[in-house]
Asker: 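Below is the structure I would like to discuss, written out as C-alpha coordinates.
None of the values given here were measured: they were computed from a predicted structure. Basis for what follows: all heavy atoms, side chains included, without hydrogens, waters or symmetry-related copies.
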Protein chains: 2
Amino acid sequence: MTDHEKKMYEELARISKALAHASRLYIIHKLDEQEYCVKELTELIGADISTVSKHLTILKNAGIIIDEKRGNCVYYQLQCRCVLSMFSCLTDVIDSNKNKINTILN
Amino acid sequence: MTDHEKKMYEELARISKALAHASRLYIIHKLDEQEYCVKELTELIGADISTVSKHLTILKNAGIIIDEKRGNCVYYQLQCRCVLSMFSCLTDVIDSNKNKINTILN
DNA sequence: TGCCTATTTGGTCAATTAGCCAAATAGAGT
DNA sequence: ACTCTATTTGGCTAATTGACCAAATAGGCA
(Lines give C-alpha, C1' and ligand atoms only; values in the text may rest on other atoms or scores of the structure.)
Protein backbone atom coordinates (compact mmCIF):
# COMPACT_ATOMS: atom_id res chain seq x y z
CA MET A 1 0.00 0.00 0.00
CA THR A 2 1.58 3.26 -1.09
CA ASP A 3 1.53 6.36 1.11
CA HIS A 4 -1.03 7.88 -1.19
CA GLU A 5 -3.26 4.84 -1.04
CA LYS A 6 -2.92 4.76 2.71
CA LYS A 7 -4.07 8.38 3.03
CA MET A 8 -6.96 7.67 0.70
CA TYR A 9 -8.24 4.65 2.62
CA GLU A 10 -7.87 6.48 5.89
CA GLU A 11 -9.99 9.27 4.50
CA LEU A 12 -12.65 6.77 3.44
CA ALA A 13 -12.43 5.09 6.83
CA ARG A 14 -12.94 8.43 8.56
CA ILE A 15 -16.38 8.68 6.94
CA SER A 16 -17.28 5.04 7.45
CA LYS A 17 -16.38 5.22 11.14
CA ALA A 18 -18.87 8.04 11.51
CA LEU A 19 -21.52 5.74 10.08
CA ALA A 20 -20.62 2.79 12.29
CA HIS A 21 -23.13 3.18 15.09
CA ALA A 22 -26.79 2.22 15.38
CA SER A 23 -27.92 5.59 16.76
CA ARG A 24 -26.06 7.48 14.06
CA LEU A 25 -27.59 5.37 11.31
CA TYR A 26 -30.97 5.97 12.88
CA ILE A 27 -30.35 9.73 12.96
CA ILE A 28 -29.47 9.70 9.27
CA HIS A 29 -32.62 7.78 8.49
CA LYS A 30 -34.82 10.20 10.43
CA LEU A 31 -33.14 13.24 8.90
CA ASP A 32 -34.02 11.92 5.49
CA GLU A 33 -37.70 12.40 6.38
CA GLN A 34 -37.37 15.89 7.84
CA GLU A 35 -35.06 18.08 9.85
CA TYR A 36 -34.99 17.62 13.61
CA CYS A 37 -33.48 19.51 16.53
CA VAL A 38 -31.32 17.85 19.18
CA LYS A 39 -34.10 17.60 21.72
CA GLU A 40 -36.47 15.91 19.28
CA LEU A 41 -33.83 13.39 18.24
CA THR A 42 -33.03 12.76 21.89
CA GLU A 43 -36.65 11.88 22.56
CA LEU A 44 -36.73 9.59 19.53
CA ILE A 45 -33.53 7.80 20.51
CA GLY A 46 -34.03 7.69 24.25
CA ALA A 47 -30.49 8.43 25.39
CA ASP A 48 -28.97 11.31 27.31
CA ILE A 49 -29.07 14.56 25.36
CA SER A 50 -25.31 14.99 25.70
CA THR A 51 -24.81 11.59 24.10
CA VAL A 52 -27.02 12.53 21.18
CA SER A 53 -25.28 15.87 20.81
CA LYS A 54 -21.96 14.05 20.55
CA HIS A 55 -23.30 11.69 17.90
CA LEU A 56 -24.47 14.71 15.94
CA THR A 57 -21.04 16.32 16.24
CA ILE A 58 -19.42 13.19 14.85
CA LEU A 59 -21.77 13.15 11.87
CA LYS A 60 -21.25 16.86 11.33
CA ASN A 61 -17.46 16.57 11.44
CA ALA A 62 -17.66 13.82 8.85
CA GLY A 63 -19.63 16.18 6.62
CA ILE A 64 -22.70 13.99 6.68
CA ILE A 65 -25.09 16.46 8.30
CA ILE A 66 -25.22 20.22 8.71
CA ASP A 67 -26.67 22.31 11.51
CA GLU A 68 -28.59 25.52 11.51
CA LYS A 69 -29.51 27.50 14.55
CA ARG A 70 -33.01 28.91 14.45
CA GLY A 71 -34.72 30.46 17.43
CA ASN A 72 -33.96 28.47 20.51
CA CYS A 73 -32.92 25.27 18.75
CA VAL A 74 -30.25 23.77 16.55
CA TYR A 75 -31.80 21.97 13.61
CA TYR A 76 -29.92 19.27 11.78
CA GLN A 77 -30.41 18.04 8.24
CA LEU A 78 -28.54 15.83 5.79
CA GLN A 79 -25.71 17.56 4.02
CA CYS A 80 -26.30 15.32 1.03
CA ARG A 81 -28.82 12.56 0.41
CA CYS A 82 -26.06 10.55 -1.23
CA VAL A 83 -25.27 9.02 2.16
CA LEU A 84 -28.55 7.12 2.01
CA SER A 85 -27.13 4.70 -0.54
CA MET A 86 -25.26 3.34 2.47
CA PHE A 87 -28.46 1.68 3.64
CA SER A 88 -29.03 -0.25 0.45
CA CYS A 89 -25.40 -1.33 0.51
CA LEU A 90 -25.76 -2.66 4.06
CA THR A 91 -29.07 -4.39 3.42
CA ASP A 92 -27.69 -5.90 0.21
CA VAL A 93 -24.88 -7.45 2.22
CA ILE A 94 -27.33 -8.83 4.75
CA ASP A 95 -29.56 -10.18 1.97
CA SER A 96 -26.65 -11.78 0.16
CA ASN A 97 -25.83 -13.69 3.34
CA LYS A 98 -29.38 -14.94 3.65
CA ASN A 99 -29.34 -16.03 0.02
CA LYS A 100 -26.03 -17.79 0.56
CA ILE A 101 -27.42 -19.74 3.47
CA ASN A 102 -30.52 -20.68 1.53
CA THR A 103 -28.42 -21.80 -1.43
CA ILE A 104 -26.42 -24.08 0.82
CA LEU A 105 -29.51 -25.52 2.50
CA ASN A 106 -31.38 -26.27 -0.73
CA MET B 1 -37.14 4.03 18.59
CA THR B 2 -39.11 0.81 18.92
CA ASP B 3 -37.46 -2.45 19.95
CA HIS B 4 -37.80 -3.70 16.41
CA GLU B 5 -36.18 -0.57 14.97
CA LYS B 6 -33.42 -0.82 17.52
CA LYS B 7 -32.61 -4.39 16.50
CA MET B 8 -32.67 -3.38 12.84
CA TYR B 9 -30.27 -0.48 13.25
CA GLU B 10 -27.95 -2.59 15.37
CA GLU B 11 -27.88 -5.17 12.63
CA LEU B 12 -27.02 -2.49 10.07
CA ALA B 13 -24.39 -1.10 12.43
CA ARG B 14 -22.85 -4.55 12.78
CA ILE B 15 -22.05 -4.53 9.07
CA SER B 16 -20.96 -0.90 8.96
CA LYS B 17 -18.58 -1.43 11.88
CA ALA B 18 -16.88 -4.15 9.89
CA LEU B 19 -16.32 -1.62 7.12
CA ALA B 20 -14.99 1.09 9.42
CA HIS B 21 -11.25 0.56 9.07
CA ALA B 22 -8.76 1.65 6.42
CA SER B 23 -7.13 -1.78 6.09
CA ARG B 24 -10.47 -3.52 5.79
CA LEU B 25 -11.65 -1.13 3.08
CA TYR B 26 -8.35 -1.74 1.31
CA ILE B 27 -8.81 -5.50 1.53
CA ILE B 28 -12.27 -5.23 0.01
CA HIS B 29 -10.91 -3.13 -2.79
CA LYS B 30 -8.13 -5.59 -3.55
CA LEU B 31 -10.47 -8.58 -3.40
CA ASP B 32 -12.60 -6.95 -6.05
CA GLU B 33 -9.66 -7.35 -8.46
CA GLN B 34 -8.86 -10.96 -7.60
CA GLU B 35 -8.75 -13.40 -4.73
CA TYR B 36 -5.78 -13.25 -2.34
CA CYS B 37 -4.46 -15.41 0.47
CA VAL B 38 -3.63 -14.05 3.92
CA LYS B 39 0.10 -13.90 3.27
CA GLU B 40 -0.34 -11.93 0.05
CA LEU B 41 -2.66 -9.44 1.70
CA THR B 42 -0.23 -9.13 4.59
CA GLU B 43 2.53 -8.15 2.20
CA LEU B 44 0.28 -5.64 0.47
CA ILE B 45 -0.84 -4.05 3.72
CA GLY B 46 2.44 -4.20 5.60
CA ALA B 47 1.15 -5.15 9.04
CA ASP B 48 1.63 -8.21 11.19
CA ILE B 49 0.04 -11.32 9.70
CA SER B 50 -1.99 -11.93 12.84
CA THR B 51 -3.43 -8.43 12.53
CA VAL B 52 -4.45 -9.07 8.94
CA SER B 53 -5.92 -12.44 9.85
CA LYS B 54 -8.08 -10.73 12.45
CA HIS B 55 -9.27 -8.12 9.98
CA LEU B 56 -10.23 -10.93 7.63
CA THR B 57 -12.12 -12.69 10.40
CA ILE B 58 -14.10 -9.52 11.09
CA LEU B 59 -15.03 -9.17 7.41
CA LYS B 60 -15.92 -12.83 7.22
CA ASN B 61 -18.14 -12.69 10.31
CA ALA B 62 -19.96 -9.73 8.78
CA GLY B 63 -20.62 -11.84 5.70
CA ILE B 64 -18.62 -9.54 3.46
CA ILE B 65 -15.99 -12.04 2.36
CA ILE B 66 -15.72 -15.81 2.22
CA ASP B 67 -12.72 -18.05 2.60
CA GLU B 68 -11.67 -21.19 0.84
CA LYS B 69 -8.77 -23.38 1.81
CA ARG B 70 -6.77 -24.65 -1.15
CA GLY B 71 -3.42 -26.34 -0.83
CA ASN B 72 -1.36 -24.63 1.78
CA CYS B 73 -3.26 -21.37 1.82
CA VAL B 74 -6.59 -19.81 2.71
CA TYR B 75 -7.91 -17.71 -0.16
CA TYR B 76 -10.39 -14.95 0.43
CA GLN B 77 -12.85 -13.41 -1.99
CA LEU B 78 -15.84 -11.09 -1.84
CA GLN B 79 -19.03 -12.79 -0.81
CA CYS B 80 -20.95 -10.27 -2.90
CA ARG B 81 -19.79 -7.38 -5.05
CA CYS B 82 -22.69 -5.35 -3.70
CA VAL B 83 -20.45 -4.14 -0.90
CA LEU B 84 -18.48 -2.10 -3.43
CA SER B 85 -21.27 0.46 -3.66
CA MET B 86 -19.97 1.50 -0.25
CA PHE B 87 -17.03 3.18 -1.95
CA SER B 88 -19.14 5.40 -4.17
CA CYS B 89 -21.26 6.30 -1.16
CA LEU B 90 -18.17 7.36 0.81
CA THR B 91 -16.59 9.28 -2.06
CA ASP B 92 -19.90 10.99 -2.78
CA VAL B 93 -19.98 12.25 0.80
CA ILE B 94 -16.42 13.53 0.48
CA ASP B 95 -17.21 15.18 -2.84
CA SER B 96 -20.35 16.79 -1.51
CA ASN B 97 -18.25 18.41 1.22
CA LYS B 98 -15.80 19.79 -1.30
CA ASN B 99 -18.65 21.16 -3.38
CA LYS B 100 -20.17 22.73 -0.28
CA ILE B 101 -16.93 24.47 0.54
CA ASN B 102 -16.53 25.72 -3.01
CA THR B 103 -20.10 26.98 -3.03
CA ILE B 104 -19.45 28.97 0.10
CA LEU B 105 -16.16 30.38 -1.18
CA ASN B 106 -17.52 31.52 -4.54
C1' DT C 1 6.88 -39.44 10.99
C1' DG C 2 8.94 -35.00 10.89
C1' DC C 3 9.59 -30.53 8.86
C1' DC C 4 7.99 -26.48 6.87
C1' DT C 5 4.80 -22.96 5.62
C1' DA C 6 0.45 -20.66 6.36
C1' DT C 7 -2.93 -19.32 9.41
C1' DT C 8 -5.33 -18.66 13.68
C1' DT C 9 -5.62 -17.91 18.57
C1' DG C 10 -4.47 -16.05 23.16
C1' DG C 11 -2.34 -12.56 25.85
C1' DT C 12 -1.08 -7.96 26.76
C1' DC C 13 -1.06 -3.04 26.27
C1' DA C 14 -2.34 1.47 24.47
C1' DA C 15 -5.74 4.08 22.23
C1' DT C 16 -10.37 5.00 21.10
C1' DT C 17 -15.25 5.02 21.86
C1' DA C 18 -19.66 5.41 24.23
C1' DG C 19 -22.29 6.48 27.90
C1' DC C 20 -23.80 9.42 31.79
C1' DC C 21 -23.63 13.38 34.94
C1' DA C 22 -22.65 18.00 36.03
C1' DA C 23 -21.29 22.38 34.60
C1' DA C 24 -20.73 25.92 31.09
C1' DT C 25 -22.58 28.45 27.18
C1' DA C 26 -25.95 30.71 24.12
C1' DG C 27 -29.83 33.05 23.15
C1' DA C 28 -34.93 34.03 23.40
C1' DG C 29 -38.38 36.24 25.79
C1' DT C 30 -40.07 38.67 30.07
C1' DA D 1 -30.89 42.14 33.82
C1' DC D 2 -33.09 37.63 34.81
C1' DT D 3 -34.94 33.34 33.79
C1' DC D 4 -35.71 29.53 31.20
C1' DT D 5 -34.74 26.25 27.57
C1' DA D 6 -31.61 24.09 24.38
C1' DT D 7 -27.19 22.65 23.42
C1' DT D 8 -22.38 21.78 24.06
C1' DT D 9 -18.36 20.68 26.73
C1' DG D 10 -15.49 18.48 30.31
C1' DG D 11 -14.72 14.77 33.29
C1' DC D 12 -15.07 10.20 34.49
C1' DT D 13 -15.62 5.11 33.89
C1' DA D 14 -16.45 0.92 31.42
C1' DA D 15 -16.19 -1.41 27.19
C1' DT D 16 -14.28 -2.14 22.70
C1' DT D 17 -10.74 -2.02 19.30
C1' DG D 18 -6.30 -2.53 17.14
C1' DA D 19 -1.66 -3.71 17.20
C1' DC D 20 2.11 -6.81 18.13
C1' DC D 21 4.36 -11.02 19.91
C1' DA D 22 4.43 -15.74 21.04
C1' DA D 23 2.33 -20.05 20.92
C1' DA D 24 -0.92 -23.34 18.98
C1' DT D 25 -3.02 -25.50 14.93
C1' DA D 26 -3.50 -27.41 10.25
C1' DG D 27 -1.95 -29.46 6.19
C1' DG D 28 1.20 -30.53 2.52
C1' DC D 29 5.16 -32.90 1.26
C1' DA D 30 9.76 -35.17 1.76
Asker: Before accepting this row, confirm whether a basic side-chain N of the pair A/Lys7/A/Glu5 lies closer than 4.0 Å to the acidic partner's carboxylate O.
Answerer: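 Answer for the salt bridge query: no.
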
Asker: When you compare the side chain of A/Leu31 with that of A/Gln77, does any pair of heavy atoms fall below 4.5 Å?
Answerer: no

Asker: Give me the first and last nucleotide of DNA chain C, going 5' to 3', that has any atom under 4.0 Å from a heavy atom of chain A.
Answerer: C/dA18 to C/dA28

Asker: Using a 4.0 Å cut-off on heavy atoms, which residues in residues 37-55 of chain B reach DNA chain C? List them by number, or say none.
Answerer: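 Within this stretch, B/Cys37, B/Val38, B/Lys39, B/Ile49, B/Ser50, B/Ser53, B/Lys54 sit under 4.0 Å of the strand.
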
Asker: How would you label the contact of B/Tyr75 with the nucleic acid (heavy atoms, under 4.0 Å): base, sugar-phosphate, or nothing?
Answerer: nothing

Asker: Going hydrophobic residue to hydrophobic residue with side-chain gaps under 4.5 angstrom, can you get from A/Tyr36 over to A/Ile66?
Answerer: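 In one cluster: no.
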
Asker: Are B/Tyr76 and B/Leu44 joined in one hydrophobic group, where the rule is that I, L, V, M, F, W and Y side chains link up if heavy atoms are under 4.5 Å apart?
Answerer: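 Yes; tracing contacts between hydrophobic side chains, which count when under 4.5 Å, links both residues.
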
Asker: Output yes when B/Lys39 and B/Glu43 qualify as a salt bridge under the 4.0 Å nitrogen-oxygen rule, no when they do not.
Answerer: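 Yes, charged N to carboxylate O under 4.0 Å.
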
Asker: If you assign A/Lys17 and A/Lys69 each to the DNA chain C nucleotide with the nearest heavy atom, which residue ends up on the more 5' nucleotide?
Answerer: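 Going by which nucleotide is closer to the 5' end, it is A/Lys17.
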
Asker: For B/His29 together with A/Tyr9, are the ring centres under 6.0 Å from each other?
Answerer: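 Between A/Tyr9 and B/His29, the centre distance is under 6.0 Å.
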
Asker: Please figure out whether A/Asn72 or A/Ser23 has its closest DNA chain C nucleotide nearer the 5' end.
Answerer: A/Ser23

Asker: Quick one: do B/Phe87 and A/Ile15 end up in the same hydrophobic cluster if we chain Ile, Leu, Val, Met, Phe, Trp and Tyr together by side-chain heavy atoms under 4.5 Å apart?
Answerer: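 Result: yes, single cluster for both.
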
Asker: Tell me which one of B/Ile58, B/Asp32, B/Ile45 satisfies side-chain contact (heavy atoms from CB on, under 4.5 Å) with B/Ile27.
Answerer: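 Single side-chain contact (heavy atoms from CB on, under 4.5 Å) partner of B/Ile27 among B/Ile58, B/Asp32, B/Ile45: B/Ile45.
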
Asker: Categorize A/Arg24 for me: base, sugar-phosphate, or nothing, with a 4.0 angstrom heavy-atom threshold over every strand shown.
Answerer: sugar-phosphate

